[in-house]
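Working notes, beginning with the structure itself.
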Amino acid sequence: MAQDVKSELTALLQQALSSVAPEAAGTPILLERPRDPSHGDFATNLAMQLARTLKKNPRDIAQRLVNELPPSPLVTAAEIAGAGFINFRLDTGAKTATVSTVLAVGDEYGRSRAGGNQKVQVEFVSANPTGPLHVGHGRGAAYGASLAALLAFAGWDVTREYYVNDAGRQMDILAVSTWLRYLDQQGVTGIAFPPNGYQGDYVRDMARQMTIAHGDQYVRPAEAVLAGTPGLPEPTRADDEAKKQREDHLDALIANAKTLLGPDWAYVHQHALAEQLADGRNDLEEFGVHFDVWFSEKSLFDTGLVARAVELLEQKGHLYVQAGAKWFRSTVFGDEKDRVVQRENGLYTYFASDIAYHLNKYERGFDKVINIWGADHHGYIPRVKGALAALDLDPDKLQVALVQFAVLYRNGQKASMSTRSGEFVTLRELRGEVGNDACRFFYALRKSDQHLDFDLDLAKSQTNENPVYYIQYAHARVCSVLAQWGGDEAELAGADLALLDSPRELALASRLGEFPEVIEAAARDLAPHQIAFYLKDLAADFHTWYNAERMLVDDAGLRLARVAMAAAVRQIIRNGMAILGVSCPTSM
RNA sequence: CUCCCCGUAGUUCAAUGGAUAGAACGGGCGCCUCCUAAGCGCCAGAUGUGGGUUCGAUUCCCGCCGGGGAGACCA
């Protein structure tokens with residue numbers, strides 16, 4: 001089976017190793033595809049690895065390994081080269097057989113069982129529903145969606161989850177911001193809009209909807225709204241005292257709003273939350289990003305899980321009280337300082353609900369839990385893992401993938417990404433300007449832990465030069481050829497693939513066989529970008545071949561074989577692009 | 001001050017400790033009477049710096065220089 005060439009070679013080497021050096025039989029066998037075709041189809045550095053333990057010349061070891069290598073129809077040559085590499089040349093039939101494998105299994109080509117059907121949760125985006133998603137969220141969304149699809153393809157049972165921060169101060173600030181805009185639109189004067197409230201136009205839109213639905217029901221006098229507030233300092237002041245006063249002022253406004261509105265506060269709060277959540281969900285759906293579970297932070301409080309998690313930590317002796325607050329002794333688990341879980345005023349911290357959330361994740365029985373976080377959250381890893389360890393849960397089941405920020409440049413200047421200031425490029429704008437496919441692919445083309453300079457003007461102007469079109473174009477070309485060929489695709493299974501013997505065809509066949517390896521490696525490294533790079537290489541090999549050889553030749557046998565290979569290329573592009581969430585148009 | 005991420009062609013990015021460090025864009029020169037020129041071929045161009053580990057280092061370790069991020073009884 002062409003799909004198993006690598007494991008076949010590994011098995012052969014294992015046998016040779018056992019007879020040459022039984023004492024080192026556990027040495028991991030690494031096979032790589034050499035860059036240089038003159039180094040064969042696969043190469044191993046096994047002899048060089050053994051040189052250390054056997055204390056012998058690597059080339060001698062290589063020779064003995066080659067001598068002991070069991071014969072195989074797949075291998076036409078095993079040569080010793082360089083400092084002690086063993087280079088394997090594969091039978092051309094074994095290479096081109098990949099074409100029929102691809103066509104036979106279709107959408108399933110490349111699927112792996114590496115995940116063993118284990119349950120894995122991928123939690124991503126999880127942005128506060130306090131405003132539109134921006135370009136940074138888009139990166140997390142694209143990465144998470146691609147990673148989830150990749151893991152599913154690699155044999156994992158995947159749950160995609162969005163953690164909704166619907167409890168806490170940020171939601172209160174959004175609600176009060178909406179209400180203040182509403183009051184202004186209703187003609188209530190004399191209330192300055194707080195500079196630390198949410199400034200975006202979408203807040204005004206939500207306020208207008210309140211008027212449309214309920215008229216002046218939520219109007220309250222300005223004096224009552226401002227009663228007891230400390231007022232705002234001079235806008236130009238940026239000292240700590242002024243900052244604190246602004247926050248106090250905002251908190252006082254929130255407190256007044258709750259009192260003045262009574263039960264109606266819940267409506268305003270819920271209205272803002274529902275609107276923003278629906279907006280984000282719609283945005284993500286359009287971006288091809290779907291979630292299986294939308295998990296409410298508030299539910300953790302409602303079900304008492306936060307309290308239970310804290311109690312559990314207390315029972316196990318990991319908490320202490322200092323200055324009226326409850327602290328978790330996270331330093332015992334490698335954190336740099338202890339952390340508060342319950343404040344002096346009795347309120348739980350964000351960290352407390354996070355502990356509860358992770359406890360919940362573990363109780364749901366996932367074999368592996370992956371959190372995709374912005375890089376600014378890296379400091380939270382030790383405390384969350386510490387909490388898991390304190391709860392006698394295995395911290396290693398949790399893997400945190402940090403996504404570096406996308407720094408956006410517009411007109412050569414760094415664009416602000418602050419949600420509160422209302423000055424940001426939204427994901428929706430980016431999608432509209434660049435297109436969903438190009439967006440998804442552009443994000444996928446970067447390693448997630450790599451800083452990303454996103455020049456918006458460049459991305460827009462380069463739309464036609466985006467590599468995504470290069471791959472889509474290869475797909476469209478195959479579609480066009482198949483249409484002009486006009487045969488029944490079922491015939492392709494009967495193609496005589498031995499006719500594909502030019503160097504370009506063998507290189508392309510070899511590339512086709514690489515796909516399953518790319519899937520496994522990418523899944524192992526949580527690195528879907530590897531698929532994007534592979535697809536670029538695949539498309540390049542195809543375009544080169546397309547320009548060099550004609551597929552629809554007169555010779556019926558050769559024509560069938562070439563069309564079959566083109567169809568295999570198309571199939572792999574589809575399988576790969578499906579993981580990346582990018583469409584494959586049949587014509588361009 | 002402490003910690004984290006990152007320094008690779010002019011630019012944006014690749015490279016499980018392997019052989020001659022790969023692409024793309026930009027620059028130069030060619031290719032459409034031929035299945036889609038959103039394509040192909042060729043040329044020029046790079047590992048910040050100083051040590052260490054070893055058969056071998058872009059990769060691992062330490063120093064320095066440079067860029068980004070984090071430090072709360074905030075979320």
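Scope of the values below: all heavy atoms of this structure, side chains included, with no hydrogens, waters or symmetry mates. Every chain is numbered from 1, with letters handed out A, B, ... down the list of sequences. All of these numbers come straight from a predicted model, not from anything done at the bench.
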CG of A:Asp376 versus C1' of B:C74: gap in Å, rounded? 13 Å

Does B:C35 have its OP1 or OP2 closer than 4.0 Å to a side-chain nitrogen or oxygen of A:Ser480? no

Any carboxylate oxygen within less than 4.0 angstrom of a Lys/Arg side-chain nitrogen, looking at A:Arg511 and A:Glu514? yes

Nearest of B:C4, B:U36, B:A72 to any side-chain atom of A:His378? B:C4

Is there a side-chain contact between A:Ile381 and A:Trp373, using heavy atoms and a 4.5 Å cut-off? yes

What integer distance in Å separates A:Arg383:CZ from B:C4:C1'? 13 Å

Look at all strands and tell whether A:Thr586 reaches a base, only sugar-phosphate, or nothing, counting heavy atoms closer than 4.0 Å. base

Pi-cation contact, A:Tyr546 with A:Arg477 (under 6.0 Å, within 45°): yes

Measuring to OP1 and OP2 of B:A38, would you say a side-chain N or O of A:Arg477 lies under 4.0 angstrom away? no

Quick check against the 3.5 Å criterion: does A:His543 have a side-chain atom that pairs as donor or acceptor with the backbone of A:Tyr470? yes

Pairing string of RNA chain B (Watson-Crick or G-U wobble, both atom distances under 3.5 Å; | = paired to other strand) is (((((((..((((....[...)))).(((((.......)))))....(((((..]....))))))))))))....

Assign each of A:Tyr470 and A:Val481 the nucleotide of RNA chain B bearing its closest heavy atom; nearer the 5' end lies the nucleotide of A:Val481

Distance col, row A:Arg383:CZ vs A:Lys337:NZ, nearest 0.5 angstrom, shows 8.5 Å

For A:Leu558, does its backbone N or O pair with a side-chain atom of A:Asp555 as donor and acceptor, under 3.5 Å? yes

Between B:C25 atom C1' and A:Tyr469 atom OH, what is the distance in whole Å? 16 Å

For RNA chain B, whose closest nucleotide is more 5', that of A:Arg504 or that of A:Asn128? A:Arg504

Under 3.5 Å, side chain of A:Glu297 to main-chain N/O of A:Tyr163, donor-acceptor pair present? no

Side chain of A:Tyr473 only, heavy atoms from C-beta on: which candidate in B:C35, B:U36, B:C40 is closest? B:U36

Is the ring centre of A:Tyr143 less than 6.0 Å from the ring centre of A:Tyr443? no

When you check every protein heavy atom under 4.0 Å of nucleotides 14-19 of chain B, what one-letter string (B, S, -) results, 5' to 3'? SSB-BB

Any side-chain N or O of A:Thr544 under 4.0 Å from OP1/OP2 of B:G41? yes

So, A:His377 versus A:Asn371: side-chain donor-acceptor pair below 3.5 Å or not? no

